[in-house]
Amino acid sequence: MKLATWNVNSLAVRLPQLLAWLQANPVDAIALQETKLTDDKFPAAEIEAAGYRAQWFGQRTYNGVALLSRGDVADVVRNIPGHDDEQARVIAGTLGDLRLIGAYFPNGQAPGSDKFAYKLRWIEALRDWVRSELAAHPRLVLMGDFNIAPEDRDVHDPVAWAGQIHCTDEERAHFRDLLAVGLVDAFRLFDQPPKSWTWWDYRNLAFRRNQGLRIDHVLVSEALKPQVLACTIDKAPRKAERPSDHAPVVVELGD
DNA sequence: ATGACTCCCAGTGGGAGA
């Protein structure tokens, strides 16, 4: 079984690339972030024609998430129950005996800003909810754009990024608190090439220079950890014409 | 270097992203 997460930075723009990627990488499920579409504009027909069922939850201009899967998902949840939020950032569903949660974490803009405070509160609410989800669903995957580079080795220039958004001690502590509910970073279960990133700035020839951050993650529950066979970043879509600034992350689970 | 690019909604510019 293969799962993926990809911040597409506008599904309206990236739909052809998504469909091509799914044809080349027929994963069992994929979580999408930054669809930037109201629900009435979601391209459900095109996605169904490509062989995927879809659940979606969006809004105009910003945010928006979706969960695509080969089979039907059950018990779909949109956003964090009990956490009032105008922003469409979470979609969850159960595929077989796997609980899948796709999330688009707030950017946070700058340490000390209102958006930064919102980011931290949002992560705390997510953590509390994921803890309860884990109790009900031991086989759980939390994947998406976390907007956090967990360690310095996830940053192309840790000195320049020190204390900057995505790299602050507070964000990293919140990431560790999330792991502490019983999750593990699937990417770090394996030896990985140095300078592995999932996002590269559109500016500065950042992709060509491989100047990026690893901010998109797949976290698996302790119960799933023994079944993780591989976790990789697919840089190919970042080389396309009009790419998203993020690359997909793919995880393979054994039986 | 308070830059750079891309997307969106706007409307011939500006906010946000990361």
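In what follows, chains are A, B, ... by sequence order, proteins preceding strands, each numbered from 1.
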Novice: If I take atom OH in residue A:Tyr62 and atom C1' in nucleotide B:dT6, what distance separates them, rounded to the nearest angstrom?
Specialist: 13 Å

Novice: With a 4.0 Å cutoff (strictly under), does any side-chain N or O of A:Arg203 reach OP1 or OP2 of B:dA18?
Specialist: no

Novice: Which of the following nucleotides, B:dC8, B:dA4, B:dG17, is nearest to the side chain of A:Glu34?
Specialist: B:dG17

Novice: Counting any heavy atom closer than 4.0 Å, what does A:Asp216 reach on the DNA or RNA strands: base, sugar-phosphate only, or nothing?
Specialist: nothing

Novice: Among the nucleotides B:dC5, B:dC8, B:dA18, which one has an atom lying closest to any side-chain atom of A:Asn107?
Specialist: B:dA18

Novice: Given the P atoms of B:dC8 and B:dA18, what is the spacing between them in whole Å?
Specialist: 14 Å

Novice: What's A:Lys119 touching, base or sugar-phosphate or nothing? Going by heavy atoms closer than 4.0 Å.
Specialist: nothing

Novice: Is any side-chain nitrogen or oxygen of A:Asn9 closer than 4.0 Å to OP1 or OP2 of B:dC7?
Specialist: no

Novice: Is it the case that more than 12 heavy atoms not belonging to A:Asp97 sit under 6.0 Å from its CG atom?
Specialist: yes

Novice: Would you say a side-chain N or O of A:Arg242 is under 4.0 Å from OP1 or OP2 of B:dC7?
Specialist: yes

Novice: Want to settle it: does A:Phe105 or A:Arg14 sit nearer the 5' end of DNA chain B, counting the closest nucleotide to each?
Specialist: A:Arg14

Novice: Using the P atom on both, measure B:dG11 against B:dA16 and round to a whole Å.
Specialist: 16 Å

Novice: For A:Phe146, run the ring pair (Phe, Tyr, Trp, His ring centres under 6.0 Å) check against A:Phe187, A:Phe105, A:Trp122 and tell me which one passes.
Specialist: A:Phe105

Novice: With the 4.5 Å side-chain cut-off for hydrophobic clustering, are A:Ile233 and A:Leu253 part of the same group?
Specialist: yes

Novice: By nearest atom, which of the nucleotides B:dA10, B:dC7, B:dG17 is closest to the A:Arg60 side chain?
Specialist: B:dA10

Novice: For atom P, what is the distance between B:dT2 and B:dG13, given to the nearest Å?
Specialist: 24 Å

Novice: Run the numbers on A:Arg53 and A:Glu48 for salt bridge (Lys or Arg N to Asp or Glu O under 4.0 Å), then give the verdict.
Specialist: CA-CA 6 Å; A:Arg53 308 294 178 91; A:Glu48 279 169 27; over 6 Å; no

Novice: Whether A:His246 contacts B:dG17 is assessed here as follows: a side-chain N or O lying under 4.0 Å from the phosphate OP1 or OP2. Is that the case?
Specialist: no

Novice: Could you tell me which non-hydrogen atom of A:Lys119 sits nearest to which non-hydrogen atom of A:Asn107, and how far apart they are?
Specialist: NZ-O, 2.9 Å

Novice: Fit a plane to each ring of A:Trp199 and A:Trp161, take the angle between them on a 0 to 90° scale, and name the class: parallel (under 30°), tilted (30 to 60°) or perpendicular (over 60°).
Specialist: perpendicular

Novice: Roughly, in whole Å, what's the span from CD in A:Gln33 to C1' in B:dA18?
Specialist: 14 Å

Novice: Provide the distance between the two C1' atoms, one in B:dA1 and one in B:dA10, to the nearest whole Å.
Specialist: 29 Å

Novice: Between A:Tyr104 and B:dA18, is there a contact of a side-chain N or O with OP1 or OP2 at under 4.0 Å?
Specialist: yes

Novice: Pick base, sugar-phosphate or nothing for A:Ile215, based on heavy-atom distances below 4.0 Å to the nucleic acid.
Specialist: sugar-phosphate

Novice: Any side-chain N or O of A:Lys36 less than 4.0 Å from the OP1 or OP2 oxygen of B:dA16?
Specialist: no

Novice: Across the strands shown, which category fits A:Asn7 at heavy-atom distances under 4.0 angstrom: base, sugar-phosphate, nothing?
Specialist: sugar-phosphate

Novice: Using a cut-off of 4.0 Å on non-hydrogen atoms, how would the nucleic acid contact of A:Asn204 be classed: base, sugar-phosphate, or nothing?
Specialist: base

Novice: Does A:Ser10 make a side-chain N or O approach to OP1 or OP2 of B:dC7 shorter than 4.0 Å?
Specialist: no

